[in-house]
Amino acid sequence: MQYDKFQIPDADQILPGRPQPMEITGVHYVNGNPIQEPFPEDMEVAFFGMGCFWGAERLFWEIDGVYATAVGYTDGATENPNYDEVCSGRTGHAEVVKVVFDPKKVSYAELLKTFWDMHDPTQGMRQGNDIGSQYRSCIFCTHEGQKREAEASREAIQAALNEKQRGEVTTEISMAQPFYYAEEYHQQYMAKNKEAICPILRNPMHD
């Protein structure tokens with residue numbers, strides 16, 4: 001059976017998954033900080049999906065004030081999915097970056113700016129040549145304050161795009177759903193694989 005990569009799968013198409021979580025070291029390859037809870041009490045967590053999570057993760061771990069990053073899957077129905085299952089389009093998940101940050105050193109607004117600046121939020125279920133619902137543009141919020149700020153930023157981006165007649169923002173903004181860590185080899189992939197290429201498409205406002 002063929003599955004539409006541009007649609008979230010129906011309930012009868014969802015893969016079953018498994019009760020066991022992905023086994024990972026839980027240590028950030030670049031800075032040595034933990035990427036799994038518990039985090040220091042003063043840290044905040046945010047989730048961003050902007051296409052392939054390899055390059056997106058690198059963008060965030062390079063920001064001063066970001067304590068740790070991790071890649072994984074969220075907003076789907078399959079429990080503890082693996083990469084191949086997510087890429088099949090039959091789990092409903094998006095590839096996302098989990099960003100653990102110190103709000104005294106870097107604001108959520110600054111993270112949102114990186115999100116909007118470094119991908120095209122008008123492409124629906126794709127990002128450039130990466131096609132499928134797992135590559136959709138999305139923001140998942142851990143509290144209502146984040147949600148209000150993210151929605152306001154989306155409105156501002158849409159207004160700027162309207163001035164240039166450049167399309168409708170398709171970015172989903174909602175409260176965070178269960179997050180499943182991706183396989184160990186995906187974590188901080190761009191640091192482990194120096195020759196890897198993961199194109200980040202710039203927001204058309206900045207072309």
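Since the model is a prediction, treat every value here as computed from it, not as a measurement.
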Is it true that [X] and [Y] fall in one hydrophobic cluster, defined by side-chain heavy atoms closer than 4.5 Å?
| X | Y | answer |
| --- | --- | --- |
| L59 | V100 | no |
| M190 | Y181 | no |
| V30 | V97 | yes |
| W61 | V27 | no |
| V99 | I35 | no |

Any carboxylate oxygen within less than 4.0 angstrom of a Lys/Arg side-chain nitrogen, looking at [X] and [Y]?
| X | Y | answer |
| --- | --- | --- |
| E85 | R18 | yes |
| R154 | E172 | no |
| K98 | E37 | yes |

Taking C-beta and beyond as the side chain, do [X] and [Y] meet within less than 4.5 Å on heavy atoms?
| X | Y | value |
| --- | --- | --- |
| K147 | I173 | yes |
| I8 | M125 | yes |
| T91 | I14 | no |
| E144 | M175 | yes |
| I139 | M50 | no |
| N82 | V86 | no |
| V45 | F39 | yes |

In Å and rounded to the nearest 0.5 Å, what is the [atom1] to [atom2] distance from [X] to [Y]?
| X | Y | atom1 | atom2 | value |
| --- | --- | --- | --- | --- |
| M22 | H186 | CE | NE2 | 8.0 Å |
| F53 | Q134 | CZ | CD | 9.5 Å |
| E151 | S174 | CD | OG | 9.5 Å |
| R90 | T78 | CZ | OG1 | 8.5 Å |
| C52 | Y189 | SG | OH | 8.5 Å |
| L111 | E149 | CG | CD | 9.5 Å |

Test your reading of the model: is there a side-chain donor-acceptor pair from [X] to the backbone of [Y], 3.5 Å cut-off?
| X | Y | value |
| --- | --- | --- |
| T170 | G124 | yes |
| E79 | P16 | no |
| N193 | E195 | no |

Exercise for review: Applying ring pair (Phe, Tyr, Trp, His ring centres under 6.0 Å) between F47 and each of F60, F179, F140, report the one that passes.
Suggested key: F179
Review point. Quick one: do the H143 and E44 side chains pair a donor with an acceptor below 3.5 Å?
Key: yes
Review point. Would T25 and E184 count as having a side-chain donor-acceptor pair, cut-off 3.5 Å?
Key: yes
Point to revise | Worked check of side chain to side chain donor-acceptor pair (under 3.5 Å) between D120 and Q123 | key: CA-CA 7 Å; D120 183 344; Q123 295 197 6; 3.1 Å; yes
Check your understanding: Quick one: are the ring centres of H93 and Y180 less than 6.0 Å apart?
Key -> yes
Quick one: side chains of residues 63-72, donor-acceptor pairs under 3.5 Å with protein atoms, not counting sequence neighbours, listed by atom name and distance.
| from | atom 1 | to | atom 2 | distance (Å) |
| --- | --- | --- | --- | --- |
| T69 | OG1 | H28 | NE2 | 2.8 |
| T69 | OG1 | E57 | OE2 | 2.9 |

**Study point:** Verdict with supporting geometry, W116 and T171, side chain to side chain contact (heavy atoms under 4.5 Å, CB included)
**Key:** CA-CA 10 Å; W116 294 118; T171 303; 3.4 Å; yes
Practice item. Take R166 and T122 through the test side chain to side chain contact (heavy atoms under 4.5 Å, CB included) and record every step on the way to the result. Key: CA-CA 8 Å; R166 293 221 175 160; T122 69; over 6 Å; no
Smallest separation among heavy atoms of [X] and [Y], with atom names:
| X | Y | answer |
| --- | --- | --- |
| T142 | A176 | CG2-CB, 4.4 Å |
| Q146 | C141 | OE1-CA, 3.4 Å |
| V169 | Q158 | N-OE1, 2.7 Å |
| A94 | C138 | CB-SG, 3.7 Å |

Exercise for review: Step by step, work out the side chain to side chain contact (heavy atoms under 4.5 Å, CB included) result for M43 and F101.
Suggested key: CA-CA 5 Å; M43 295 297 136; F101 65 103; 5.8 Å; no
Practice item. Walk me through it: do Y83 and S88 pass the test side chain to side chain contact (heavy atoms under 4.5 Å, CB included)? Key: CA-CA 9 Å; Y83 183 70; S88 76; over 6 Å; no
Review point. Listed by chain and number, what are the ring pair (Phe, Tyr, Trp, His ring centres under 6.0 Å) partners of F115, not counting sequence neighbours?
Key: F48, H119
Exercise for review: Establish, for the pair K192 and Y29, whether the NZ or CZ atom is under 6.0 angstrom from the six-membered ring centre and no further than 45 degrees off its axis.
Suggested key: yes
